[in-house]
Amino acid sequence: MENSGALFNVDTRSPLPIHVQIKEQIKWLIGKELLKPGDPLPSTNQLADQLSINRNTIQSVYAQLKEDGLLLMQKGRGTRVADERQIERFKRDHPHFAFTEKMIEEARKENLALDDLLLSGFAYVQLFGERQQRKPRYLFIECKDSSCIFYLDEIKRLTSADVQSLDISSLSEEDAIRAIGAADVIVTRSDLAEKLQKFADEAGKTIITVGSTRDVPLLLNLVRHS
């Protein structure tokens with residue numbers, strides 16, 4: 001039986017747990033800007049009543065999305081969509097939404113049953129599409145001095161990591177932020193580290209300063225495990 005809230009539709013017959021349905025629907029509503037930065041969400045009691053489910057389920061979903069940086073939960077102010085910067089980062093880090101939407105549109109044109117398609121795809125991944133361990137991604141920024149080039153060459157020689165180097169002076173700030181967001185580890189000179197640290201922190205990435213007695217052992221340890 002389907003239940004409709006103001007924004008959500010949940011189906012108790014679906015193989016997806018209710019909390020997963022709601023969580024993923026909130027992500028879509030945010031991604032398509034039907035929920036905008038700062039918009040309020042229903043209280044846990046309101047949404048639980050609308051959907052006829054346990055309020056603890058809503059509380060758990062909101063808490064998970066808060067941890068993901070998509071929601072703000074403040075006493076006295078309720079639950080709201082996070083600020084614009086957080087939402088833009090979410091969109092940048094999750095490009096699969098556009099691909100999913102395109103795939104579903106194509107499936108509809110072919111009159112395919114969407115539930116069958118999605119469940120079949122999930123089963124395929126379980127059986128045949130075991131995810132290969134993703135290669136770590138290293139981003140070397142302004143790597144021009146000899147010590148930096150040494151580590152760049154060693155990582156290329158000793159690991160199968162995806163290694164990219166770039167000259168940040170040739171990039172816009174938006175492109176630099178995008179490159180940092182796509183990397184796992186950022187390696188740069190000490191004079192650039194402070195400038196880049198705020199971008200790395202916002203993206204939740206590790207930044208390593210070549211020449212630092214603290215950071216170089218960390219880099220070497222990362223290389224050994226790549």
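Numbering of residues begins at 1 and proceeds along the displayed sequence.
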Q. Is a donor on one side and an acceptor on the other found under 3.5 Å between the side chain of Gln25 and the backbone of Asn9?
A. yes

Q) What do you reckon, is CG of Asp115 surrounded by more than 12 foreign heavy atoms closer than 6.0 Å? A) no

Q: Apply the test side chain to side chain contact (heavy atoms under 4.5 Å, CB included) to residues Val61 and Leu47: give CA-CA distance (whole Å), side-chain angles for both, the deciding distance (0.1 Å), then the verdict.
A: CA-CA 11 Å; Val61 169; Leu47 192 52; over 6 Å; no

Q.
Tell me which pairs pass salt bridge (Lys or Arg N to Asp or Glu O under 4.0 Å) where either residue lies in residues 48-75, with sequence neighbours left out.
A. Lys23-Asp68

Q) In terms of hydrophobic clusters joined by side-chain contacts under 4.5 Å, are Leu35 and Ile58 together? A) yes

Q. Any sub-3.5 Å donor-acceptor pair from Arg178's side-chain atoms to Arg92's backbone N or O?
A. no

Q. Considering residues at least two apart in sequence or located in another chain, which fulfil the side-chain contact (heavy atoms from CB on, under 4.5 Å) criterion with Glu84?
A. Pro37, Glu88

Q) Excluding sequence neighbours, so at least two apart, what forms side-chain contact (heavy atoms from CB on, under 4.5 Å) with Leu114? A) Ile104, Ala107, Arg108

Q: Say whether, by atom type as modelled, one donor and one acceptor occur between the side chain of Gln21 and the main chain of Asp11 under 3.5 angstrom.
A: yes

Q. Could you give the distance from CD (Gln86) to CG (Leu72), rounded to the nearest 0.5 Å?
A. 8.0 Å

Q) Going hydrophobic residue to hydrophobic residue with side-chain gaps under 4.5 angstrom, can you get from Leu41 over to Phe90? A) yes

Q. What's the shortest heavy-atom distance between Ile26 and Phe8, and which atoms?
A. CG1-CE2, 3.3 Å

Q | Linked, directly or transitively: Trp28 and Val81 (ILVMFWY side chains, under 4.5 Å) | A | yes

Q. Do you know which two heavy atoms are closest between Gly69 and Ala82, and how far apart they sit?
A. O-CB, 3.3 Å

Q: Take Ile87 and Leu70 through the test side chain to side chain contact (heavy atoms under 4.5 Å, CB included) and record every step on the way to the result.
A: CA-CA 6 Å; Ile87 300 307; Leu70 291 178; 3.9 Å; yes

(Q) If you count heavy atoms of other groups shown closer than 6.0 angstrom to CZ of Arg85, is the number above 12? (A) no

Q | From Asp162 atom CG to Arg137 atom CZ, the distance as rounded to the nearest 0.5 Å | A | 7.5 Å

Q: Start with the C-alpha distance between Lys27 and Phe97, add both sets of side-chain angles, then the distance that settles side chain to side chain contact (heavy atoms under 4.5 Å, CB included), and finish with yes or no.
A: CA-CA 9 Å; Lys27 289 181 180 179; Phe97 282 98; 4.1 Å; yes

Q) Would Leu118 end up clustered with Leu127 when hydrophobic side chains under 4.5 Å apart are linked, directly or stepwise? A) no

**Q.** Nearest non-hydrogen partners of Thr188 and Ile141, listed with the distance
**A.** OG1-O, 3.1 Å

(Q) Counting only heavy atoms from other residues, nucleotides and ligands, does the tally under 6.0 Å from CD of Gln74 exceed 12? (A) yes

Q) From His94 NE2 over to Thr100 OG1, what is the distance, rounded to the nearest 0.5 angstrom? A) 11.5 Å

Q: Please round to the nearest 0.5 Å and tell me the distance separating atom CG of Leu51 and atom CD1 of Ile22.
A: 5.5 Å

Q.
Quick one, Ile30 with Leu65, criterion side chain to side chain contact (heavy atoms under 4.5 Å, CB included). Give me CA distance, side-chain angles, the key distance, then yes/no.
A. CA-CA 11 Å; Ile30 291 173; Leu65 291 172; over 6 Å; no

Q) Got a sec, which residues hit ring-ring contact (aromatic ring centres under 6.0 Å, His included) with Phe122, two or more places apart in sequence or on another chain? A) none

Q: Search all heavy atoms of Ala179 against all heavy atoms of Leu166 and return the closest pair with its distance.
A: CB-CD2, 3.8 Å

Q. If you round to the nearest 0.5 Å, how far is OG of Ser52 from CD1 of Ile18?
A. 10.5 Å

Q: Could you grab the distance from atom CD of Gln59 to atom CE of Met73, nearest 0.5 Å is fine?
A: 4.5 Å

Q) What ring pair (Phe, Tyr, Trp, His ring centres under 6.0 Å) pairs are there with at least one residue in residues 36-63, not counting sequence neighbours? A) none

**Q.** N-O pairing of Glu105 and Lys102 below 4.0 Å
**A.** no

Q: Sort and list the pairs that fulfil salt bridge (Lys or Arg N to Asp or Glu O under 4.0 Å) and have at least one residue in residues 28-42, not counting sequence neighbours.
A: Lys32-Glu101, Glu33-Lys91

